[in-house]
Amino acid sequence: MQKQFIQNGPSRLTKSHSSTFVKTAILTFLCFISISLTKAANSVIIPVETAHNTLLLQTDADNHLLMTYFGTKLADASEYKLISTQNNQKDVNAGIFNHAFTPAGTWNLVEPALSITHADGNISTELIYVSHKTEQVNDNVKILSILLADPVYKTEVTLYFKTYIKEDVVEQWSVIRNNEKGPLNMQKYASANLSFIAKDYYLTHFHGGWGREMKPEQTLLTHGIKTIDSKLGTRANLFEHPVFIMSFDKPAAEDEGKVLLGTLAWSGNFRMDFEVDAYHNLRLIAGINPFQSEYPLAEGTEFKTPSFIYTFSDKGTGEASRQLHRWARNYRLMDGNGSRLTLLNNWEATYFDFNQEKLVKLFADGKKLGVDLFLLDDGWFANKYPRNDDFAGLGDWEPNVKKLPDGISYLVKEAGKAGIKFGIWVEPEMVNPKSDLYEKHPDWVIRQTERPEHYFRNQLVLDLTNPEVQDYVFGIMDNLLGKNPEIGFIKWDCNSVIFNAQSAYLQKTKQKQSQLYVDYVHGLYKVLERVRAAYPVVPMMLCSGGGGRVDYEALKYFTEYWPSDNTNPLERVFIQWNYSYFYPAIASCNHITDWSKVGLKYRTDVAMMGKMGYDIVVSNLSENELKFSQQALKTYDSLKDLIWHGDLYRLASPDENPYASLMFVNENKTKAVVFNYVVTNRFDVTYSPTPIRLNGLDASKKYRIQEINLYPGTTTTLNASAVFSGDFLIRNGYNSEMNLLRTSVILEVTAQ
Ligand code: GLA
């Protein structure tokens, strides 16, 4: 009967047939519902629950696994079984648009999560629910695994849902297993396939480029597919970041509304498809980008996809971000609940122009300033083709004897004598054609041997699919850290994308070239695993020509990331604000530089709302500037616990106001710090007309508010002795009196 319904579709009807058709259609529909309801009684219902939310999976009459609900948890779990009875989108196709892992080639005619060519050349896959089990990892973490299998081919897919209950975060991935006789090829192998039902869907995604990372763009999704992706290989997030905000029913708001924050934990090509289907449901498929990435799966082997990580809140983006931050600090970011080092970097201060005498003086400057560590940036290595600019030397990691005749150990020792730690920049995945490494090992370089080379920042990418190259890259780190265990910090850079993707190693080992993008990333993780096994505690900054590589898989190995080379503080207010939706402040490296002419106080205040550092010539500071900076570091010392480990409340967006305001609050809401920045020089802010509501405080407490981090010789216009109730500060708000003479105001809020 159902088949007939498809064959006799409306386009074939004549007028005289139409009433018969309508009757048949209604009968078919009712029949379908009654079959579904009878079978639904036996259907398997699998709730994926966190403290406040539920993702509901349920098998249908044909044992397809469907996603039937996503949102705030129901008070009574026994009503989960009623959910599917309330959804009448049940004709032959819509009934399975919400498949939990949509296969290609059989009944599905929408975007698939999985597309396979089987060992015999057949391109169809069906996935039927087989079983599921839950592993309780600890009080807060569970792993649910659901086995799906093709009834004809012996292909299996296991869907994993790792739930972090208190944080309301789900980490989802899939494992595809080939039990067939012979190898299969995967054209598409997503991590997750979710479905949502709402009135409308507003997607905010974040695009960018060098010096202009994380530019948000919100769009109402219309029918069809909106894709965000990367095909750059390395420095994969240069143009698009692997993060998004999905807002249901209406545009995203900070303090109310249903939002999902999502991100793919993968340091390579990603793709996320947002498909509003013919029934106005949203289908989301996220995973590795299938672009030129057909991947083989040998008989008896399996492939684990990267994790898709998401959190839902019905209280807006603010709450969703705090959930994700807590999760990141507790479970993902390396040393997420730990401490960080303030530092003085020499990149913008010297660029490539330094020698060991100059550096030793800079150590003393760093000490005088009061930072914990000196970070030596690019330009310290290579002899045959010295690294005096970015045209040469990358790949040759021995210290340049002219600049550093006594090597790195000498610098480490001298830094120690000056009372400061020593850190160093590396870019171990890359090579300049003008280098000894390139001359010796052209086959280690990703390039098309038959075509002209194409460079990004005058460099090429090493082939990390090759175990020898992995050894070489690990060796660079091992050599540095093994010989100099006192090294206190690593900045790991990655400046180039992959052009002319071709691997001599894959060629030699008779593997597919289409494995390159995926195996590169796996190779990188293998190296990072080895680095962390050998050097488990050294803090490392994830950098990629600015923020070209920031994701939650890499951040397992890194304590922090470099958001952007753009250190103009006005730009940074926006850039850091937008990263803050997804990443906690403790991971954001914010440096005070001379990139702009903006006053030192503003620059310092902006750097404070994360992990503060400097990249300036300390000896160029005036007496007042030095005094201010020394004091600012002490002030930062007293606030950093709050900024690094507290809860973030974004109070006023720079995209919507002539100013930005945000606040960090400790767990028991006894202490907060509020950062306020004017972001325009227009008339709007010649005076500060309205108060800003300090959401996040405790309404029942009393608070004193004091302006801090004042520049020498200036005084506050605020009344330092006034005490306000939390209720007043939340409902009415507080006016920090920002104006064009007070463009940056930091408030310390202390419960009385
Ligand atoms: C990249 C980084 C910078 C700096 C330079 C050095 O651009 O983002 O911070 O380290 O490389 O070449």
Side-chain angles (χ1 to χ4, degrees), residues 208-214 232 234-239 241 267 343-354 359 362 373-382 385-397 399-400 403 422-435 455-461 476 480 487 489-497 539-551 554 558-569 571-572 575-576 579 587-596 603 607 610-617:
W210 180 80
R212 48 193 181 88
E213 286 82 350
M214 289 297 279
L232 306 181
T234 43
R235 200 175 172 172
N237 312 147
L238 178 60
F239 301 136
H241 298 262
S267 312
L343 56 79
L344 174 66
N345 190 189
N346 71 314
W347 175 238
E348 289 189 31
T350 66
Y351 292 106
F352 297 95
D353 180 22
F354 57 81
L359 292 178
L362 295 182
L373 178 130
F374 178 86
L375 171 61
L376 173 58
D377 214 284
D378 196 355
W380 58 267
F381 49 90
Y385 302 105
R387 180 77 172 166
N388 293 328
D389 53 37
D390 60 18
F391 285 89
L394 211 50
D396 302 345
W397 293 98
N400 178 277
K403 290 182 191 172
F422 178 83
I424 195 159
W425 178 96
V426 291
E427 193 180 5
E429 298 157 74
M430 305 279 158
V431 63
N432 283 126
K434 222 166 146 193
S435 68
Y455 306 124
F456 197 106
R457 209 196 185 203
N458 320 305
Q459 65 197 55
L460 293 165
V461 182
I476 298 165
L480 268 174
I487 286 182
F489 192 83
I490 296 287
K491 176 177 177 184
W492 181 304
D493 212 337
C494 161
N495 276 295
S496 176
V497 302
M540 296 210 297
M541 180 207 285
L542 180 60
C543 175
S544 182
R549 183 195 269 168
V550 188
D551 67 80
F558 290 84
T559 47
E560 50 221 82
Y561 68 91
W562 182 234
S564 178
D565 279 351
N566 190 339
T567 48
N568 176 326
E571 298 290 336
R572 275 299 188 109
I575 293 172
Q576 292 169 199
Y579 275 110
S588 175
C589 295
N590 307 336
H591 291 182
I592 297 146
T593 73
D594 289 326
W595 176 299
S596 73
R603 283 183 273 155
K611 206 218 83 165
M612 182 158 96
Y614 288 81
D615 195 347
I616 50 167
V617 183

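Here, residue 1 is the first one in the sequence, and each next residue gets the next number. Both ligands and their constituent atoms are indexed starting at 1 by order of listing.
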Fill in: More than 12 heavy atoms from other groups under 6.0 Å of NZ on Lys403
yes
Practice prompt. Determine whether more than 12 heavy atoms belonging to other residues, nucleotides or ligands lie under 6.0 Å from atom CZ of Phe391.
Written response: no
Worksheet item: Which protein residues have a heavy atom closer than 4.0 Å to any atom of ligand 1, listed by chain and number?
Response: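 Lining ligand 1 at under 4.0 Å, by heavy atoms, one finds Trp347, Asp377, Asp378, Trp425, Arg457, Lys491, Asp493, Asn495, Cys543, Gly545, Gly546, Trp562, Asp565.
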Practice prompt. Determine, stepwise, if the pair Asn495 / Gln459 fulfils side chain to side chain donor-acceptor pair (under 3.5 Å).
Written response: CA-CA 8 Å; Asn495 276 295; Gln459 65 197 55; 5.0 Å; no
Item to complete: For the pair Arg572 (side chain) and Ser564 (backbone), establish whether a donor and an acceptor sit closer than 3.5 Å, ignoring hydrogens and angles.
Response: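 Indeed, once roles are kept as given, a pair shorter than 3.5 Å links the two residues.
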Discussion item. Tell me if the aromatic rings of Trp380 and Trp397 count as close, with their centers under 6.0 Å from one another.
Written reply: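 Yes - the distance between ring centres of Trp380 and Trp397 falls below the 6.0 Å cut-off.
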Fill in: Heavy-atom closest pair, residues Ser267 and Ala236
O-CB, 4.4 Å
